[in-house]
Amino acid sequence: MHLTFLYKILLGSLLLFLVSGPTHAQSVLRTQADVQQIVIGDPVTVTLEVEVGTAASTVSWPALSEEFGGLSLLEPATIDTPKRSAQIIYREQFRVTAFDSGSYYLPSFKVVIRQGAGKEEVLYSDSLLINVQTIAVDTTLAFKPIKDIVPVRMGWADYWKIILARLLLLGLLGFILYYFYKHKRVKAPEAVLRTPPEKAHEKAFRLLASLKEAQYAQQGKVKLFYSELSSIVRNYLDDRFGLNCMEQTTDELMALLKKQTDDRAVLRKVRPDLKKILRTADLVKFAKADPDLVEHETCYDAAMKLVTLTQIKPEEGRAS
């Protein structure tokens with residue numbers, strides 16, 4: 001009887017120790033993509049979610065490059081920290097896409113969790129499969145001609161909103177003019193020191209110098225180098241000649257420069273240089289070409305030559 005009683009005491013003590021002893025909630029890392037099958041260029045939202053048991057934890061997220069696993073990063077990561085009962089959820093989201101068809105694996109990412117006193121926990125995300133498809137085209141069908149624009153007939157009932165809006169605008173404009181006429185005050189002109197506006201070629205030379213100092217091509221950032229270079233050249237032509245270059249494709253812009261006459265005839269001389277820059281930039285952006293450093297220097301020199309030959313001459317006496 002004494003042995004049975006002693007056995008019960010020992011068993012109860014053991015159960016009490018197990019219940020009241022310290023527990024440790026292990027962290028959990030979940031990986032999820034909102035879709036796993038897309039058409040070329042469609043975005044995929046990827047979510048990394050870490051669940052920890054204490055708010056004192058700190059999470060070190062992986063560094064995301066511009067391209068990884070054949071996928072391109074569309075938007076940088078955003079981090080959120082929602083609470084769910086006693087657990088703390090750390091969440092990182094970013095968007096990727098692909099510009100070629102095929103199957104791509106989102107690589108496994110390393111996430112480090114620190115919980116004070118030098119304690120560190122390393123988790124690895126799952127690798128996700130993303131399937132990219134092209135738009136199906138039936139090549140057996142004949143090409144159909146482009147249809148003409150069909151004008152839409154409008155009646156007086158369709159114009160009443162426009163007429164009312166213009167009447168209200170005229171009334172408001174009349175009230176503003178009357179108000180300022182009644183309350184106008186003559187003020188002495190204030191002396192304002194104005195900096196002369198930067199000319200189009202001065203701005204282009206400044207941006208090209210900054211691009212060269214950045215050394216994107218030497219760092220392997222080829223896409224960024226050609227994106228900046230083509231943007232500088234297109235904006236220069238917009239500011240200098242008003243050609244609306246940013247809204248045109250390379251072929252459209254080449255055709256436009258070929259037609260220039262009079263004071264814009266100089267543009268025909270720089271067509272080969274501009275074509276060299278924009279064609280190379282298109283190949284890097286859309287065909288993932290990888291030009292060497294000699295090609296980078298050639299395109300940069302072509303941009304400098306283009307701006308030099310077309311810059312505003314002193315005899316023009318005006319700024320763009």
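Only this structure's heavy atoms are used, side chains among them; waters, hydrogens and symmetry mates stay out.
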Subject >> ILVMFWY cluster membership beyond Ile146 - transitive side-chain contacts under 4.5 angstrom >> reply: none
Subject >> More than 12 heavy atoms from other groups under 6.0 Å of NZ on Lys305 >> reply: no
Subject >> Taking every non-hydrogen atom, the tightest pair across Glu92 and Trp61 >> reply: OE2-CB, 3.5 Å
Subject >> Criterion side-chain contact (heavy atoms from CB on, under 4.5 Å) on Leu123 and Ile113, from CA distance to verdict >> reply: CA-CA 8 Å; Leu123 302 176; Ile113 303 171; 3.6 Å; yes
**OP:** Identify the two heavy atoms, one from Ala204 and one from Ile232, that lie closest to each other, and give their separation to 0.1 Å.
**Re:** O-CG2, 4.1 Å
Quick one: side chains of residues 278-298, donor-acceptor pairs under 3.5 Å with protein atoms, not counting sequence neighbours, listed by atom name and distance.
| unit_1 | atom_1 | unit_2 | atom_2 | d |
| --- | --- | --- | --- | --- |
| Arg279 | NH1 | Asp251 | OD1 | 3.1 |
| Arg279 | NH2 | Asp251 | OD1 | 2.4 |
| Thr280 | OG1 | Lys276 | O | 2.7 |
| Asp282 | OD2 | Thr250 | OG1 | 2.7 |
| Asp292 | OD1 | Val294 | N | 3.4 |
| Asp292 | OD1 | Glu295 | N | 2.9 |
| Glu295 | OE2 | Lys276 | NZ | 2.3 |
| His296 | ND1 | Tyr226 | OH | 2.7 |
| His296 | ND1 | Asp292 | O | 3.4 |
| His296 | NE2 | Pro291 | O | 3.3 |
| Thr298 | OG1 | Val294 | O | 2.9 |

Subject >> Validation row: Val46, Val96 side chains within 4.5 angstrom (heavy atoms) >> reply: yes
Subject >> Residues Arg30, Glu51: salt bridge by 4.0 Å N-O rule >> reply: yes
**OP:** Using a strict 4.0 Å threshold on nitrogen-to-oxygen distance, state whether Glu120 and Arg114 make a salt bridge.
**Re:** yes
**OP:** Kindly give the heavy-atom pair with the smallest separation between Leu237 and Cys245, and that separation in Å.
**Re:** CB-SG, 3.5 Å
Subject >> Qualifying residues under ring pair (Phe, Tyr, Trp, His ring centres under 6.0 Å), relative to Tyr179, sequence neighbours excluded >> reply: His183
Could you give the side-chain donor-acceptor pairs of residues 101-109 under 3.5 Å, partners two or more places apart or in another chain?
| unit_1 | atom_1 | unit_2 | atom_2 | d |
| --- | --- | --- | --- | --- |
| Ser103 | OG | Asn131 | OD1 | 2.8 |
| Tyr104 | OH | Asp100 | O | 2.9 |
| Ser108 | OG | Ser125 | O | 2.5 |

**OP:** Apply side-chain contact (heavy atoms from CB on, under 4.5 Å) to Leu164 and list each qualifying residue two or more places apart in sequence or on a separate chain.
**Re:** Trp160, Leu168
**OP:** Mind listing the closest non-hydrogen atom pair of Thr97 and Gly41 along with its distance?
**Re:** OG1-C, 3.1 Å
Result block: side-chain N/O donor-acceptor pairs under 3.5 angstrom for residues 207-214, not counting sequence neighbours:
| unit_1 | atom_1 | unit_2 | atom_2 | d |
| --- | --- | --- | --- | --- |
| Ser210 | OG | Arg206 | O | 3.2 |

Original post:
What pair of heavy atoms forms the shortest contact from Pro43 to Val35, and how long is it?
Top reply: O-CG2, 4.2 Å
